[in-house]
Asks: 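Have a look at this one.
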Amino acid sequence: MGDPAFAVLGRDGRVIDAALTDDTGGAVERVRLDDDTLPGWVRDRESAGRIRWVWNDTARWYPRLLRAGVTVARCWDLRLGHAILRWAQSVPADDPVRTAGPWASASADPAAEPDSPALFEWDGGAGAHTGLPSGLDAALAEWRSQEAAVRRSEDPARLRLLLAAESAGGLLASELTAAGVPWDVAEHERVLTTALGEIGPGGRPRRLEELAAGIRTALGDPALNPDSPPQLLRSLRRAGITVQTTGRWELAQHEHPAIAPLLEYKKLARLLTANGWAWLDEWVRDGRFRPVYVPGGVVTGRWASSGGGALQIPRQLRQAVRADPGWKLVVADVAQLEPRVLAGMSSDASLAQAARGRDLYAGIVEATAIATRPEAKVAMLGAMYGATTGDSGRLVPHLRRSFPRAMRLVDDAARIGEDGGAVSTWLGRTSPPPDERWRGVQRRASEAGATAADIDRARRAARDRGRFTRNFVVQGTAAEWALAWLADLRGRLSALPAASASAPGSGPVFSTRAHAAFFLHDEVIVHTPAELADDVAAAVQASAAEAARLLFGDFPLDFPLDVRIADAADKA
DNA sequence: GAAACAGGCGCG
DNA sequence: AAAGCGCGCCTGTTTC
């Protein structure tokens, strides 16, 4: 055979079997490995030429390779691939990959598994806990099945791009956990102490206790626990504050001496419980926050996270994200990603024209009867989320007049969802079908003898689903763009030279290399040796241009980035 | 006493 | 301000 293009890995107990194939999948050479010989062998194959690793689940193979100091450039993650192909509309409905089976039932979250092999050691028969097939023959069979499904699909090139991007995301997720977010504990503690005060004798921060006392006095309820919504609601009403909920926005509309301390209390209590000293203790080790990411964890294709609230780090604490000495952070985010991909997928030249340059919302003000930037923003969000009332709902018709193609795309997606149908992203990720409960509600409303309440319930459920599918196509395509961006960036970063200064907390692979440290939907933070920061910033830009080209070809559409080189991740 | 649910709020 | 989408996690409360 010629140079191998693929290496398929499977595991049976302590034995690891590898099959090398060329790009037709035909010629096969088999190799037998174990835990000790695997990393060295992978490193050798990886450096011998371009190869794609095919395995059941990146989260079960890659972390231990990274711990051994080995990276891989490309893979085909069969679990992630199956999750996409299982529902993909562009694959014929009778294709075997679209039927239920063991590859579909596996958990997406290795951290949720007992004795997680992703985080600790192999369990002796990887997959035993999850039902995910682990042997080489199963991997080969599933790989051929997925390959065949892609070939039979309406648009193999797009689906192939999606699977490659999704798999690259799987690699990136493991790498992000391995490298960690550089976290300055002293800075974090400064933020906590400044906001909450020192810990008092009761073990609670002083400032929080003072505010609680002030609330009790103002409401005349000395026993009140402000953390209990039912108690708080009763107490507020007794004090003559006629609220329906204890939510921040409703409270802010009332005048009363209890309101100000209560709002402040809620804000600080949130900081304490979500990201206080206990969080620091549990989640930051050796100057790194290491969250577990769950690629494809959201139906739209966005990532989810498990543990540590990685995707909810409050802006208040971003100053604790701090580069190591001799290193810098390159912080980059895409401006208004979702409306831009909407312009691309609908080929709406007017919206693309409005998106030219940095601020899409300013462009909308110029192109429409909408007068101000904030109005342009709520109008566009309303169009993508399905707003029907309020300022947003009122402004959406202006967008329909000026950007008919883009608006038709989201309106069509909503209508299909309301009818119980499925919609797909630009690259072919398809929304899941409505569940049995939803279909039951619709069925009941169309039966003879349906009550007005039945019909009302069905209509509401239909509209709910319409808003979901409306947003699915936009949010999902934005996630694809971001994955393509990050996948390309991985390659560029790995081609940069090694560092002169070391960042020891980042693990065996990344302590001497520029590496992505954090990824959140449309934003990336790269931790880089200071001398490479300018190169990294250029790479981030080049990758954005490449993502635009990969998804939308020559369609003239900007994806401007906000890129900063800094020591800390907060906005200067 | 654990599990499930609700209210609330952080992020995009 | 929210509204209109997608998440995760904390506390308190209810249910088993």
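Numbered from 1 within each chain, the chains take letters A, B, ... in sequence-line order.
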Asks: Can you find a donor-acceptor pair, distance only, under 3.5 Å between A:Arg302 side chain and C:dC7 base?
Replies: no
Asks: With sugar-phosphate meaning primed atoms plus P, OP1 and OP2, does A:Val299 contact a base, only sugar-phosphate, or nothing at under 4.0 Å between heavy atoms?
Replies: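 It contacts sugar-phosphate atoms only.
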Asks: Indicate the atoms forming the closest heavy-atom contact of A:Val365 with A:Ala371, along with that distance.
Replies: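 Residues A:Val365 and A:Ala371, closest heavy atoms: CG1-O, 3.5 Å.
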Asks: Does A:Asp412 pair with A:Arg415 as a salt bridge, N-O distance under 4.0 Å?
Replies: yes
Asks: Figure out the CG/P separation between A:Leu233 and B:dG8, and round it to whole Å.
Replies: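 Distance check: A:Leu233 CG to B:dG8 P gives 8 Å.
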Asks: Do the numbers put A:Arg158 on top of the ring of A:Trp426, so that NZ or CZ is under 6.0 Å from the six-membered ring centre and no more than 45° off the axis?
Replies: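 Yes, A:Arg158 sits over the ring of A:Trp426.
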Asks: Rounded to the nearest Å, what distance is computed from the CZ atom of residue A:Phe518 to the C1' atom of nucleotide B:dG12?
Replies: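 Rounded to the whole Å, the gap is 10 Å.
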Asks: Got a donor-acceptor contact below 3.5 angstrom from the A:Arg465 side chain to the A:Gly417 backbone?
Replies: yes
Asks: What is the distance, to the nearest angstrom, from the CD atom on A:Glu282 to the P atom on C:dC9?
Replies: 10 Å
Asks: Starting at CZ of A:Arg270 and ending at C1' of B:dG7, how long is that distance when rounded to a whole Å?
Replies: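 Rounded to whole Å, this separation is 12 Å.
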Asks: Would you classify A:Gly247 as touching base, sugar-phosphate or nothing, given that sugar-phosphate means primed atoms plus P, OP1 and OP2, and contacts are heavy atoms under 4.0 Å?
Replies: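 Touches sugar-phosphate only.
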Asks: Counting only Watson-Crick or G-U wobble pairs whose two distances fall under 3.5 Å, which nucleotide matches B:dA6?
Replies: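 For B:dA6, the partner nucleotide comes out as C:dT11, under the 3.5 Å rule.
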Asks: If the threshold is 4.0 Å, N to carboxylate O, is there a salt bridge linking A:Asp221 and A:Arg234?
Replies: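 Judged by the 4.0 Å cut-off on N to carboxylate O distance, A:Asp221 and A:Arg234 do not form a salt bridge.
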Asks: I'd like to know whether NZ of A:Lys377 has more than 12 heavy-atom contacts from other residues, nucleotides or ligands below 6.0 angstrom.
Replies: no
Asks: Specify the residue among A:Leu311 and A:Thr389 whose closest nucleotide of DNA chain C lies further upstream toward the 5′ end.
Replies: A:Thr389
Asks: If you pin A:Val298 and A:Tyr385 to their nearest nucleotides in DNA chain C, which one's is more 5'?
Replies: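 That would be A:Tyr385.
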Asks: With a 4.0 Å cut-off on N to O distance, would you call A:Asp488 and A:Arg490 a salt bridge?
Replies: no
Asks: Is the Lys NZ or Arg CZ of A:Arg288 less than 6.0 Å from the centre of A:Trp183's six-membered ring, within 45° of the axis?
Replies: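 No.
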Asks: Could you pull out the protein-nucleic contacts involving nucleotides 11-14 of chain C (nitrogen or oxygen on both sides, under 3.5 Å)?
Replies:
{"unit_1": "C:dG12", "atom_1": "OP1", "unit_2": "A:Asn225", "atom_2": "ND2", "d": "3.1"}
{"unit_1": "C:dG12", "atom_1": "O3'", "unit_2": "A:Ser228", "atom_2": "OG", "d": "3.2"}
{"unit_1": "C:dT13", "atom_1": "OP1", "unit_2": "A:Ser228", "atom_2": "OG", "d": "2.5"}

Asks: Taking any heavy-atom pair under 4.0 Å as a contact, classify A:Thr245: base, sugar-phosphate, or nothing.
Replies: sugar-phosphate
Asks: Which one, C:dG6, B:dG12, B:dG10, comes nearest to the side chain of A:Leu520?
Replies: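 Nearest to the side chain of A:Leu520 among the choices is B:dG12.
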Asks: For the side chain of A:Lys266, counting heavy atoms from C-beta on, which of C:dG8, C:dG6, B:dG8 is nearest?
Replies: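 Within the option list, the nearest is B:dG8.
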Asks: Roughly how many Å is it from CZ in A:Arg204 to C1' in C:dC10, rounded to a whole number?
Replies: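 To the nearest whole Å, that distance equals 12 Å.
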Asks: Are A:Glu418 and A:Arg459 close enough for a salt bridge, meaning some N to O gap below 4.0 Å?
Replies: no
Asks: Find the distance A:Arg248:CZ to B:dG10:C1' and express it as a whole number of Å.
Replies: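 So the CZ-C1' distance, A:Arg248 to B:dG10, works out to 9 Å.
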Asks: Give one of base, sugar-phosphate or nothing for A:Leu337, where a contact means two heavy atoms less than 4.0 Å apart.
Replies: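 The answer is nothing, as A:Leu337 stays clear of every strand by at least 4.0 Å.
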Asks: With under 30° as parallel and over 60° as perpendicular, where do the rings of A:Phe472 and A:Phe468 fit, or are they tilted in between?
Replies: perpendicular
Asks: Rounding to a whole Å, what distance do you find between A:Leu251:CG and C:dA1:P?
Replies: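 My rounded result for the distance is 14 Å.
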Asks: Does anything in residues 459-471 of chain A come within less than 4.0 Å of DNA chain C? Heavy atoms only, and list the residues if so.
Replies: A:Arg467, A:Phe468, A:Asn471
Asks: Tell me the interatomic distance from A:Glu264, atom CD, to B:dC9, atom C1', rounded to whole angstroms.
Replies: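 In whole Å, B:dC9 C1' and A:Glu264 CD are 15 Å from each other.
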Asks: Between B:dC11, C:dG4, B:dG12, which nucleotide gets closest to the side-chain atoms of A:Ser392?
Replies: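 Among B:dC11, C:dG4, B:dG12, the one nearest the side chain of A:Ser392 is C:dG4.
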Asks: Considering only NZ, NE, NH1 and NH2 on the basic side and carboxylate oxygens on the acidic side, decide whether A:Arg460 and A:Asp456 come within less than 4.0 Å.
Replies: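 So A:Arg460 pairs with A:Asp456 through a salt bridge.
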Asks: Tell me what A:Gly393 touches on the nucleic acid: a base, only sugar-phosphate, or nothing, going by heavy atoms under 4.0 Å.
Replies: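 It contacts nothing in the nucleic acid.
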Asks: Heavy atoms from C-beta onward define the side chain here; which of C:dC5, C:dA2, C:dC7 lies closest to that of A:Trp249?
Replies: C:dA2
Asks: Under 4.0 Å, heavy atoms only, any strand: does A:Gln253 hit a base, just the sugar-phosphate, or nothing?
Replies: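 Here A:Gln253 touches the bases of the nucleic acid.
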